[in-house]
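Throughout, a chain's letter reflects where its sequence line sits, starting with A, and its residues are numbered from 1.
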Amino acid sequence: LTRTTGKRHMEVHFQAAEPVLKHFESIGKWFELFNQGKWALGDEKEFSDGKKAEEDASDDEVEKKDDASWRNLALDPAEWKSQDHYSVMGLEKLRYKATEDDIKRAYRQLVLKHHPDKKSGPSSQADSEDDAYFQCVKRAYDVLSDPVRRRAYDSIDPEFDESLPSASDITAERFFAVLSPVFESNARWSKKQAVPRLGDGDSTVDEVNDFYSFWYDFQSWREFSYLDQEDLENAENREERRWIEKQNKAARQLRKKEEVARIRTLVDMTYGCDPRIKKFKEEERERKLAQKKAKEEATKAAAEERLKRQKEVEETEKKRKEEEEARLKEEAAAAKKEREAKKKEMKKERKAFRSICQRYGSFSSSDFDLPQRLDDVEHLCLALPVDKLRELRKSMEECSADEGAKDLFFAELKRLKDIEFKATEKDEKLKEDGRGDGSKAVTVWSEEERRLLIKAVKLYPAGTVKRYDVIAEFINSHSSSGSTKPKVAPDIITQIKLLQTAGSALKDQVNRTAFRRFDQEHMSKVKPTAAAEQEPTKRYDNQPWTAEEQKSLEEALKAIPPSAPNRWDQIAEKLPRRSKKECVQRCKELVKLVQAKKLKVSTQ
Amino acid sequence: MSSFGIYFGSTSTSVALQREERCEVLSNETGSRTTPACVAFQEGETLVGLAAQQGQSRNETNTFVNIKQFLGKNFPEAEELVGKHPFSAEEVDGKVKFKVNWLGKQKYFSTVQLVKALFQGLRDTAMAGSGGTGQNLPAVITAPYYFSDIQKMELREAADSAGFKVLRIISEPGAAAFAYGLGQDDPTKNDSVLVFHLGGDSLDMTVIQVSVGMYQVLANTHVFGMGGQVIDTMVAEYLASEFHRTNRVDVSGNRKAMHKLRRAAEEAKRTLSTSKVANIYVDSLYDGMGFEHRLGKPKFESMCSPVLSKCIEAMKDVLKELDQPVNQVVLRGGSTRIPLLKKMILAALPGATILDGLAPDEVVAIGAARQCSLINEKAEFEEVSTPFKCTSHAIIAKVVGESDSGEDELVPLVPKYVPLPLKMSHCLLLTKAQQIIFHESESDRELKNERLLAEICTRDLKLDCSKPVTITCSITKNSKVSISATA
């Protein structure tokens, strides 16, 4: 074991294990190298780890290259500000990546070579060039060795490509290829290192979001003080210095703003064109759509459910209503039935009462007060409630004697009349107060009025316009007793009904009384005239038909058919004593007779 | 400067041309990029390639196939092989001579002469493809890994006499691996490559260790009578039985008919590598009767799967003895186009990558042409394969002390089995308080049965921590190691 220790170099030597023999295929470039003996000689770069070796070798390269290239730079120390300091220092490969050490070392080497003090011999043209170069080197070193100034210089690195790809360059398929290098080159300005990469088409949402949030909050250390127009040190006084400072500051800010805008434009453009963003958005949209759809479906289902429930409620409601209606109907029917039964009972009772009254001859003592009695009976019938009526009737039936019944009847009538009288009195009073209702008062009909009524009814048959009003008018205007209350249509109707129900008896009675009264009033002075008038009233045409004539008429009627023309003329010819008109009249009478006979037969 | 690579197989041959950075396989006069390794003599004419193959059924005794197998063989060995073929051979002056009916007369051709005829055909192709003329086309020829020196010598003799200037004879599996550039760009990469060859009638399996860019064969097997022709025969027999079934005629005894069927079977086999069904037509197979059949892929695969599983068995046998798993598989030989085989290989070697980007019957020629372009003609090279002195152990540096990871770092400096003498460099980033301890190890990557050799302390060096330290290792032929560290 031997060990040699040097300053920068160290070696150890030893004996390794015995070599073995192996066959190798005589194939490949490594074999060729070996075969040509080149490999063993150790072209060491070939075997080293590639990149590291290159870096390692850069020291030597710098020295070698520099000598050849610096003259091509055409340097002028006066123009130092525009020169590329890295090229001057021979660090154009490393540029902003060069460490402080690199710079220092490069400077020292250059000093060794180009420092005027190191030169010997007479100066020449080449030497002056060399001096100029050294001036530049010094300037470059001044800038690059000071971290602040170096940063300022790095910020405006002339080699940096500030351009952004145009939007037309960024197509979907070339998106990553175009933009990745741009972002990578711009990443060097970031204050925070470990800049997220653009990634590729398979990047996750988080990665992409990280990327954009980083670049949207991009913090750049880039500053533009190197480009300051005026130098502070040239200022003559404080004011000027301030003015220069102000100018510079404004210029820097403007540039900084431009830089920020540039980065912003880049990121905006990238964001706008990013196929991943589109993809994510699309996915998000789809997700939302799906959610919305689900929600809609849910609400729809809920609505349907509600509708169903409502329907159910409605149905039960409907059922309930129907039941209610049926019940009401039933009740109404029952009520109606009851009412009808009551009515029927009333009717029956009234009929029975009337019949019992009729049996007692309506308690009339004479023909004259018969209508009055009939009226009373009707009055009782209508006015008394059913139970009272029944009571009365029963008590009347129970009475064996006529008188008892009559007493009962009149007692009842009197009682009723009293009540009515009181009621009318009250009515009167009410009327006086202007609030009475005349129609309700029971109107009293005189004999004359009833006659007039009958006449009027005949005069104004059914179908006359406002018949009862007209009848009432007629009665009122013709009635002699002006004291009585004028009749109105409802009075007429009730009276007519009364007359109708009372039957023909009452009517006859009325007519008869009227006639009798007429007789009594006019008998004395009319009697002679009546006798004289009896003769002319004996009319020829009223000659009674003899049996012979009757027979010949019947024969003629049979012989001449109804279809024959001038039938009645021919019949009349057969009967020499009769005219055609008499024949027709006789025929009609006969027909009526036959019909009455037939009716009589059928009723029996 | 054009460089040729020639693949001389037992059933097919191909020639590739490397010009500058481009390598192409040249197509012959029939437009095909592979030429059947077939020579025929007919009416005073020497036919090579497709023309000879197509006339085979009519001119069996004068058509020679599988000539490669006769190279370097003495008569008893050759006689055995000849028995399988319709042509005949005799022993003349202790050498194998093939009998040829040359215009009614008996003529004798030696193996080299037959091979020369084939090479002449290839030379025509090469000249047509490169546009060059004249003799001495620089070429690298491939031979199987098992070829002996005599066999290689005869091959070289035949190629030289055909007008090539043979720069080197390389092994076929090595050429195939080299065609894919294994270990060339990154010599530190260590690969274990299986070259799987299933050709016309041979199966070869070679495992190559690629280390520091050098190819070292670890294992090799060779099985004759296994390959595409076996499959063709099986399919042909099946077709014959089909014909028998449909037409009630047995053609299995009829050589001509069987030959036709075999050609049809081969065509169907090629079709089935890409499509699902092959339509087979043979006009007037027997007695004017034609034959038509639709062969589906499943049927075909069921027929050839016994053969293929045998191949896989052989592959497993080879790999069993290795202590390192194979991570790359190179396919060569036309029969490796069968998709089922690829599936079976992948199933057997789950961790491996199959390299099949190049045509399997052209890959060897491409590798040879590439090699040809690398060879500097002036550099001397001893054809006779002699072993190289190699390192028997790997040298591994162990970095002890403060490091970023806090752990001792192992840096393999020199792997084992690297030819001597050598000089290798590494770059290490070191801090001031570290020790580099050098070990000899039996394993390339880890310390195994290690032996301490030496150590370097970084304190002794004037270190610049931002710069890597270059460690150079040089070993002489006598295993004298010197390691230097330069800051």
Side-chain angles (χ1 to χ4, degrees), chain A residues 1-60 94 97-105, chain B residues 168 170-171 174-175 178 183-184 187 208 212-217 367 371 374-376 379 381 385 387-393 395 417 419-427 438 440 451 453-456 460-462 464 466-468 470 472 474-475 477 479-487:
Chain A
L1 259 165
T2 19
R3 182 181 290 185
T4 321
T5 315
K7 253 193 167 182
R8 304 179 67 96
H9 186 79
M10 225 173 140
E11 263 187 60
V12 281
H13 302 278
F14 52 85
Q15 179 71 42
E18 269 300 299
V20 288
L21 293 174
K22 286 277 168 190
H23 285 277
F24 291 107
E25 294 302 298
S26 50
I27 292 170
K29 77 174 172 200
W30 303 106
F31 180 86
E32 287 312 309
L33 284 171
F34 178 74
N35 189 44
Q36 290 163 26
K38 282 182 185 165
W39 188 30
L41 286 174
D43 194 354
E44 58 198 31
K45 258 180 245 158
E46 300 250 39
F47 260 108
S48 57
D49 289 339
K51 250 192 186 170
K52 278 183 185 171
E54 238 173 64
E55 259 175 47
D56 197 32
S58 61
D59 271 359
D60 308 324
L94 293 168
K97 285 176 189 157
T99 60
E100 278 176 44
D101 206 49
D102 286 334
I103 294 162
K104 217 179 264 176
R105 199 182 303 172
Chain B
R168 194 177 295 172
I170 62 171
S171 74
F178 181 54
Q184 296 303 298
I208 296 173
V212 290
M214 303 289 262
Y215 291 13
Q216 183 193 345
V217 175
Q371 182 60 38
L374 281 178
I375 292 170
N376 185 342
F381 180 75
S385 65
F388 298 92
K389 270 188 180 176
C390 295
T391 55
S392 56
H393 288 75
I395 295 174
Y417 307 141
L420 296 174
L422 65 84
K423 187 174 177 184
M424 289 171 102
S425 301
H426 288 271
C427 290
F438 301 98
E440 244 183 4
R451 186 168 73 95
L453 295 174
E455 65 170 64
I456 289 178
D460 303 337
L461 275 168
K462 202 180 169 193
D464 177 357
S466 62
K467 289 273 178 182
T470 311
T472 312
S474 46
I475 308 174
K477 281 201 171 188
S479 284
K480 281 210 162 46
V481 184
S482 76
I483 297 174
S484 70
T486 310

Please identify each residue that fulfils side-chain hydrogen bond (donor to acceptor under 3.5 Å, both in side chains) with B:Thr391, with sequence neighbours left out.
none
Checking B:Ser474 now: which residues fulfil side-chain hydrogen bond (donor to acceptor under 3.5 Å, both in side chains) with it, not counting sequence neighbours?
B:Ser482
Measuring heavy-atom distances to chain A, does B:Gln371 have an atom under 4.5 Å in its side chain, in its backbone, in both, or in neither?
side chain
Bottom line for B:Gln216: the part with an atom under 4.5 Å from chain A's heavy atoms is both
Looking at chain A, which one of B:Gly213, B:Gly174, B:Ser479 has the largest number of heavy-atom pairs inside 4.5 Å, strictly under?
B:Ser479
To the nearest 0.5 Å, tell me how far B:Tyr215 OH sits from B:Gln184 CD.
4.5 Å
Measure up the B:Phe388 and A:Phe31 rings against each other and bin them: parallel (under 30°), tilted (30 to 60°), perpendicular (over 60°).
perpendicular
